[in-house]
Asks: 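First the structure, which I've put down as structure tokens, then a few questions once you've had a look.
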Amino acid sequence: EKGGYDYFMLKEIAEQPQAIAETLLGRLTEQGEIRLDEVRLTDQDLRDVDKIFIVACGTSFHTGMVAKYAIEHWTRIPCEVELASEFRYRDPVLDRSTLVVTISQSGETMDTLMALRHAKDQKARVLAICNTNGSTIPRESDAVLYTHGGPEIAVASTKAFLTQLVACYLIGLHLAQVRGIKYADEVGAVVAQLQEMPDKLRTLLDRMGPVRELARDLASSNTVLFIGRHVGYPVALEGALKLKELAYMHAEGFAAGELKHGPIALIDQGTPVVCVVPSPAGRGMLHDKIVSNIQEVRARGARTIVIAEDGDEAVLPYADHLISVPRTPTLLAPLVTTVPLQVLACEIAAARGHDVDQPRNLAKSVTVE
Ligand code: F6R
């Protein structure tokens with residue numbers, strides 16, 4: 001049932017192009033519109049939204065962090081992201097015009113469920129993004145968008161993460177269209193880019209050989225650090241989480257701009273630092289800023305593992321290892337930049353002799369508090 005793969009995790013990583021295609025299926029019209037018929041919130045409900053809270057745990061929380069950048073850019077609605085285990089114990093300001101989006105692969109995570117009840121008590125509308133039909137969280141929500149990723153067996157979340165991202169992009173674009181705001185004219189272009197993602201991911205998955213080799217090389221490290229900016233920041237956090245949970249290795253993700261406020265002191269001769277680089281074609285100074293961060297860590301002895309877009313020559317002089325990913329617009333880039341980090345964690349764990357699909361101390365569905 002592992003379909004020829006050594007682990008469910010590798011099988012699920014390989015299924016990502018198809019999983020994304022399934023999540024997009026039937027939700028995009030040829031006119032470049034997003035149709036979320038199954039989300040039972042009226043267009044008027046969506047126009048009334050004046051604040052969004054995204055609540056989730058673990059990898060699903062990282063999805064929420066990425067979603068914030070996209071949703072605020074496309075819709076101009078203020079959007080906060082919070083760990084469900086924090087949100088549920090505080091007194092967030094919510095009312096009828098607040099949309100609370102829960103993200104949960106399993107639909108059974110206790111903290112996320114309790115956060116949803118907390119939101120409903122205060123009359124907020126709740127939209128669930130979920131991969132498991134008929135599970136508790138979507139049943140108790142006002143609306144649900146299923147990710148259609150298919151069952152995820154490995155404890156570490158991979159295809160669920162990518163399909164959750166796609167679901168969040170769809171929600172952001174749909175909100176922008178319904179509200180007719182300025183960025184609505186970007187929607188058609190983004191829809192076309194989303195449709196290209198399954199093919200891009202297939203190309204990317206065919207290139208993972210060198211990542212496997214690198215993994216064997218890194219398996220004896222004591223620590224691996226990850227840095228990123230903008231949507232590359234949650235990708236860095238996700239890369240570190242995967243490595244902790246699978247390889248039982250110390251790993252940390254940082255917003256690259258925070259390095260000089262403390263973490264750069266961790267860097268020693270040979271410390272591996274994975275750098276998630278945004279597209280040079282993207283907005284603002286992001287790309288230049290991270291290139292200088294890579295120079296900074298390298299000057300302090302780091303061994304740099306650089307994840308950058310095809311054709312990005314500016315990073316070449318500072319990359320001890322280069323992992324190239326297909327060109328992708330900034331906001332959608334986590335769909336590609338995360339994949340090598342999944343493979344890296346899986347292969348490092350395997351090289352260290354661990355049970356990749358069933359890491360110690362972890363359960364697939366966290367139904368306790
Ligand atoms: C990490 C992982 C966990 C889950 C978290 C939330 O690989 O799988 O961090 O993402 O336990 O689970 P769901 O999405 O089912 O609520």
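Residues: numbered from 1 along the sequence shown. Any value given below was found using the heavy atoms of this structure, including those in side chains, with hydrogens, waters and symmetry copies removed. Atoms within each ligand, like the ligands themselves, are counted from 1 in listed order.
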Asks: Can you list the residues that meet the salt bridge (charged side-chain N to carboxylate O under 4.0 Å, His left out) rule with Asp45, with sequence neighbours excluded?
Replies: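 Asp45 satisfies salt bridge (charged side-chain N to carboxylate O under 4.0 Å, His left out) with Arg125 only.
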Asks: Taking only residues two or more places apart in sequence, or in another chain, which ones meet Arg360 in a salt bridge (charged side-chain N to carboxylate O under 4.0 Å, His left out)?
Replies: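 None.
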Asks: Quick check: Tyr248 with His354 (ring centres under 6.0 Å apart)?
Replies: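 Under 6.0 Å, so yes.
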Asks: If you look only at pairs with a residue in residues 9-32, which of them pass as a ring pair (Phe, Tyr, Trp, His ring centres under 6.0 Å), with sequence neighbours excluded?
Replies: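 Found none.
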Asks: Testing Asp268, Asp217, Asp320 for salt bridge (Lys or Arg N to Asp or Glu O under 4.0 Å) with Arg303, which one passes?
Replies: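 Of all the options given, the one that passes is Asp217.
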Asks: Could you tell me whether Glu15 and Lys11 have a side-chain N and a carboxylate O separated by less than 4.0 Å?
Replies: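 A salt bridge is present here (some side-chain N lies under 4.0 Å from a carboxylate O).
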Asks: Within the protein, flag every N or O under 3.5 Å from an N or O of ligand 1, and note the pair and distance.
Replies:
residue: ligand 1; atom: 7 (O); partner: Thr59; partner atom: OG1; Å: 3.3
residue: ligand 1; atom: 7 (O); partner: Ser157; partner atom: N; Å: 2.9
residue: ligand 1; atom: 7 (O); partner: Lys242; partner atom: NZ; Å: 2.8
residue: ligand 1; atom: 7 (O); partner: Glu245; partner atom: OE1; Å: 3.4
residue: ligand 1; atom: 7 (O); partner: Glu245; partner atom: OE2; Å: 2.4
residue: ligand 1; atom: 8 (O); partner: Val155; partner atom: O; Å: 3.3
residue: ligand 1; atom: 8 (O); partner: Ser157; partner atom: N; Å: 3.4
residue: ligand 1; atom: 9 (O); partner: Thr59; partner atom: N; Å: 3.2
residue: ligand 1; atom: 10 (O); partner: Thr59; partner atom: N; Å: 3.2
residue: ligand 1; atom: 14 (O); partner: Ser60; partner atom: OG; Å: 2.6
residue: ligand 1; atom: 14 (O); partner: Gln105; partner atom: N; Å: 2.7
residue: ligand 1; atom: 15 (O); partner: Ser104; partner atom: OG; Å: 3.4
residue: ligand 1; atom: 15 (O); partner: Gln105; partner atom: N; Å: 3.4
residue: ligand 1; atom: 15 (O); partner: Ser106; partner atom: N; Å: 2.8
residue: ligand 1; atom: 15 (O); partner: Ser106; partner atom: OG; Å: 2.7
residue: ligand 1; atom: 15 (O); partner: Thr109; partner atom: OG1; Å: 3.4
residue: ligand 1; atom: 16 (O); partner: Ser104; partner atom: OG; Å: 2.6
residue: ligand 1; atom: 16 (O); partner: Thr109; partner atom: OG1; Å: 2.5

